[in-house]
Amino acid sequence: MEQRVLGRTGRAVSVVGLGTWQLGADWGEVGEEQALAVLSAAAEAGVTFFDTADVYGDGRSEQIIGRFLREHPDVFVATKMGRRAPLDPAEYTLDNFRAWTDRSRANLGVDTLDLVQLHCPPTPVYSRDAVYDALDALVADKRIAAYGVSVETCDEALTAIARPGTASVQIILNPFRLKPLERVLPAAAEAGVGIIARVPLASGLLSGRYTKETVFAADDHRTFNRHGEAFDQGETFSGVDYATGVEAAAEFSELAPAGATPAQTALRWIIQQPGVTSVIPGARSPEQARANAAAAGLEPLPPSTLEAVRELYDRRIRAQVHDRW
């Protein structure tokens with residue numbers, strides 16, 4: 001699989017990574033052996049980049065990845081911190097950073113974390129000198145090799161990109177969320193900051209598998225956070241109204257080239273956006289992990305398809321999301 005350097009980390013990672021929120025069993029039950037099978041299938045398909053967080057299953061996702069790392073030490077693991085405490089800027093201190101990263105180091109079974117990302121903190125955090133001084137101290141202590149941020153908005157991304165120590169920015173990017181293409185990706189490329197694209201399938205909408213009648217489990221965020229009840233609404237279906245999203249996804253499915261699924265088409269679209277380092281779809285089964293990885297081997301989408309994605313976004317999606325995030 002194609003490898004790209006992840007910004008200021010200096011490390012190469014696969015263009016299709018693996019998001020592991022679901023392995024924490026926060027989207028419904030996922031057994032440990034099933035989770036390990038997903039990790040193995042992804043790695044066998046060429047994935048070298050796993051993305052996790054200390055709150056995914058309250059550390060369960062990190063612990064499972066740590067077990068996998070004992071036999072696959074070359075996989076690059078990005079984790080996140082900051083959402084186990086109240087979302088208060090006062091919590092983002094060096095003492096807390098040390099405690100949080102020590103817990104992640106123990107969960108993953110490593111001395112130095114490859115990459116730690118601030119996990120969508122309150123907006124003022126991105127602008128505070130003391131926060132970046134603390135992150136730099138973690139690097140100096142060799143608790144972490146590099147740091148980045150995970151953001152909700154383009155403005156937050158641009159604020160972080162301007163900081164010389166920021167190695168990467170994780171942001172929602174998919175055919176239903178185009179705003180990062182305007183300023184964030186060009187700014188990151190100019191600064192040498194990596195871009196990790198999350199929510200690449202708009203919480204599954206872009207797979208084309210859902211209808212207006214689909215019912216999600218009560219413990220699935222696509223049920224309990226549909227309107228932002230639990231966390232930022234933009235994380236669920238990319239903030240798009242579900243009925244609108246289903247209709248738009250049906251149109252998107254028609255753009256898939258022969259031999260590719262709609263999900264693979266969405267991933268291929270992201271991979272070929274200038275400035276993207278890696279896209280991190282989740283997977284609940286080995287088959288899904290392999291199918292996601294296969295998107296890296298598709299031929300680039302032609303200009304006509306790229307234009308059709310833009311037209312669909314402008315016509316069906318832009319009014320709902322473009323000015324919010």
Side-chain angles (χ1 to χ4, degrees), residues 6-11 13-14 17-27 30 32 35-36 38-39 42-43 47-70 72-85 87 91-92 94 96-121 125 131-132 134-139 141-152 160 165-171 193-199 231 235 277-283:
L6 181 58
R8 294 169 176 153
T9 71
R11 296 271 302 275
V13 299
S14 53
L18 179 70
T20 63
W21 183 8
Q22 72 287 349
L23 302 189
D26 293 319
W27 292 44
V30 178
E32 184 169 341
L36 288 167
V38 169
L39 298 176
V47 172
T48 62
F49 179 53
F50 295 164
D51 179 83
T52 186
D54 58 3
V55 290
Y56 294 169
D58 195 27
R60 182 176 187 264
S61 176
E62 288 182 328
Q63 291 164 6
I64 291 171
I65 292 172
R67 178 176 165 186
F68 183 81
L69 281 178
R70 289 198 287 271
H72 303 82
D74 294 333
V75 173
F76 186 109
V77 179
T79 192
K80 307 183 200 74
M81 66 176 182
R83 297 189 75 88
R84 298 186 68 250
L87 289 178
E91 297 286 338
Y92 292 77
L94 178 57
N96 280 344
F97 287 0
R98 284 176 171 153
W100 297 340
T101 54
D102 284 350
R103 183 176 185 267
S104 291
R105 290 162 66 207
N107 284 342
L108 288 163
V110 299
D111 293 327
T112 303
L113 299 168
D114 293 330
L115 176 70
V116 170
Q117 304 156 93
L118 296 180
H119 196 174
C120 299
V125 170
V131 169
Y132 295 93
L135 292 168
D136 287 334
L138 295 183
V139 175
D141 291 345
K142 297 186 178 180
R143 281 181 164 85
I144 69 176
Y147 61 83
V149 297
S150 183
V151 303
E152 297 291 1
T166 300
S168 63
V169 167
Q170 183 175 139
I171 192 166
V193 171
I195 290 289
I196 302 165
R198 78 172 186 275
V199 195
F231 42 82
E235 297 286 344
T277 307
S278 186
V279 57
I280 50 170

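Computed from a prediction, not measured in an experiment: that's the story for all the values here.
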Student: Do you know the tightest heavy-atom contact between Lys142 and Thr112?
Tutor: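 Between these two residues, the closest heavy atoms are O-OG1, 2.8 Å.
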Student: So, for Thr101 and Met81, which heavy atoms are closest and what is the spacing to 0.1 Å?
Tutor: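 So the two residues come closest at CG2-SD, 3.7 Å.
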Student: Excluding sequence neighbours, so at least two apart, what forms side-chain contact (heavy atoms from CB on, under 4.5 Å) with Ala134?
Tutor: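 Expected list: Leu94, Phe97.
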Student: Over all heavy atoms of both residues, which pair between Ser278 and Ser14 is shortest? Give the atoms and the distance, please.
Tutor: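 Closest approach of Ser278 to Ser14: OG-O, 2.8 Å.
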Student: In the structure I gave you, are the side-chain heavy atoms of Ile196 and Val13 within less than 4.5 Å of one another anywhere?
Tutor: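 Result no, sub-4.5 Å side-chain heavy-atom pair not found.
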Student: If you measure from CD on Gln170 to CD on Glu152, what distance do you get to the nearest 0.5 Å?
Tutor: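 Gln170 CD to Glu152 CD: 10.0 Å, rounded to 0.5 Å.
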Student: Could you tell me whether Asp74 and Arg11 make a salt bridge, using a distance below 4.0 angstrom between a side-chain N and a carboxylate O?
Tutor: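 Looking at Asp74 and Arg11, the cut-off is not met.
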Student: Which heavy atom of Leu6 sits nearest to which heavy atom of Ser168, and what is that distance?
Tutor: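 Between these two residues, the closest heavy atoms are CD1-CB, 4.2 Å.
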Student: List the atom of Thr9, the atom of Ala146, and the distance in Å for their closest heavy-atom pair.
Tutor: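 Where Thr9 meets Ala146 most closely, the heavy atoms are CG2-CB, 3.9 Å.
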Student: Nearest 0.5 Å, what's the CD1-CG distance between Ile144 and Leu115?
Tutor: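 The distance works out to 8.0 Å.
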Student: Determine whether Val75 and Leu69 make a side-chain contact, defined as any pair of heavy atoms from C-beta on separated by less than 4.5 Å.
Tutor: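 Counting from C-beta outward, Val75 and Leu69 do come under 4.5 Å.
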Student: Tell me if a side-chain donor or acceptor on Arg105 pairs with a main-chain N or O of Asp111 at a distance below 3.5 Å.
Tutor: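 Answer holds: yes.
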Student: Any luck finding a side-chain donor-acceptor pair between Glu62 and Thr52 under 3.5 Å?
Tutor: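 Short answer, no.
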Student: Which value, rounded to the nearest 0.5 Å, describes the distance between Leu118 atom CG and Tyr132 atom OH?
Tutor: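 The CG atom of Leu118 sits 7.0 Å away from the OH atom of Tyr132.
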Student: Return yes if some donor-acceptor pair links the side-chain N/O of Arg8 with the main-chain N/O of Thr166 below 3.5 Å, else return no.
Tutor: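 Looks like yes, one N/O pair under 3.5 Å.
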Student: Walk me through it: do Tyr147 and Leu138 pass the test side-chain contact (heavy atoms from CB on, under 4.5 Å)?
Tutor: CA-CA 9 Å; Tyr147 61 83; Leu138 295 183; over 6 Å; no
Student: Are Glu32 and Arg60 close enough for a salt bridge, meaning some N to O gap below 4.0 Å?
Tutor: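 Not counted as a salt bridge, because no side-chain N and carboxylate O are separated by less than 4.0 Å.
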Student: Which residues pass the salt bridge (charged side-chain N to carboxylate O under 4.0 Å, His left out) test with Asp136, sequence neighbours left out?
Tutor: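 Result, salt bridge (charged side-chain N to carboxylate O under 4.0 Å, His left out) vs Asp136: none returned.
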Student: List for me each residue that meets salt bridge (charged side-chain N to carboxylate O under 4.0 Å, His left out) alongside Glu91, sequence neighbours excluded, and say none if there are none.
Tutor: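 Once residues adjacent in sequence are excluded, Glu91 has no partner under the salt bridge (charged side-chain N to carboxylate O under 4.0 Å, His left out) criterion.
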Student: Donor-acceptor check, side chain of Gln22 to backbone of Ala283, threshold 3.5 angstrom: yes or no?
Tutor: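 Such a contact is found between Gln22 side chain and Ala283 backbone.
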Student: Taking ring pair (Phe, Tyr, Trp, His ring centres under 6.0 Å) as the definition, give me every residue that meets it alongside Phe76, ordered by chain and number, with sequence neighbours left out.
Tutor: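 Only Phe49 meet the ring pair (Phe, Tyr, Trp, His ring centres under 6.0 Å) criterion with Phe76.
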Student: Using every non-hydrogen atom in the two residues, find where Val149 and Ala160 come nearest and quote the distance to one decimal.
Tutor: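 Reported closest heavy-atom pair: CG2-CB, 3.5 Å.
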Student: Using the side chain to side chain donor-acceptor pair (under 3.5 Å) definition, which of the options Thr20, Asp51, Asn107, Asp54 pairs with Ser61?
Tutor: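 When Thr20, Asp51, Asn107, Asp54 are each tested with Ser61, the side chain to side chain donor-acceptor pair (under 3.5 Å) holds only for Thr20.
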Student: One pair to check against side-chain contact (heavy atoms from CB on, under 4.5 Å): Arg98 and Asp141. What are the steps and the verdict?
Tutor: CA-CA 10 Å; Arg98 284 176 171 153; Asp141 291 345; 3.2 Å; yes
Student: My understanding is that only residues two or more places apart in sequence, or in another chain, count here; which of them pass salt bridge (charged side-chain N to carboxylate O under 4.0 Å, His left out) with Arg83?
Tutor: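 For Arg83 there are no salt bridge (charged side-chain N to carboxylate O under 4.0 Å, His left out) partners, ignoring immediate neighbours.
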Student: My understanding is that only residues two or more places apart in sequence, or in another chain, count here; which of them pass side-chain contact (heavy atoms from CB on, under 4.5 Å) with Ala53?
Tutor: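 Ala53 satisfies side-chain contact (heavy atoms from CB on, under 4.5 Å) with Val55, Tyr56, Lys80, His119 only.
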Student: Of Val77, Thr79, Leu36, which is the lone residue that meets side-chain contact (heavy atoms from CB on, under 4.5 Å) with Ile65?
Tutor: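 Between Ile65 and the candidates, side-chain contact (heavy atoms from CB on, under 4.5 Å) is satisfied uniquely by Val77.
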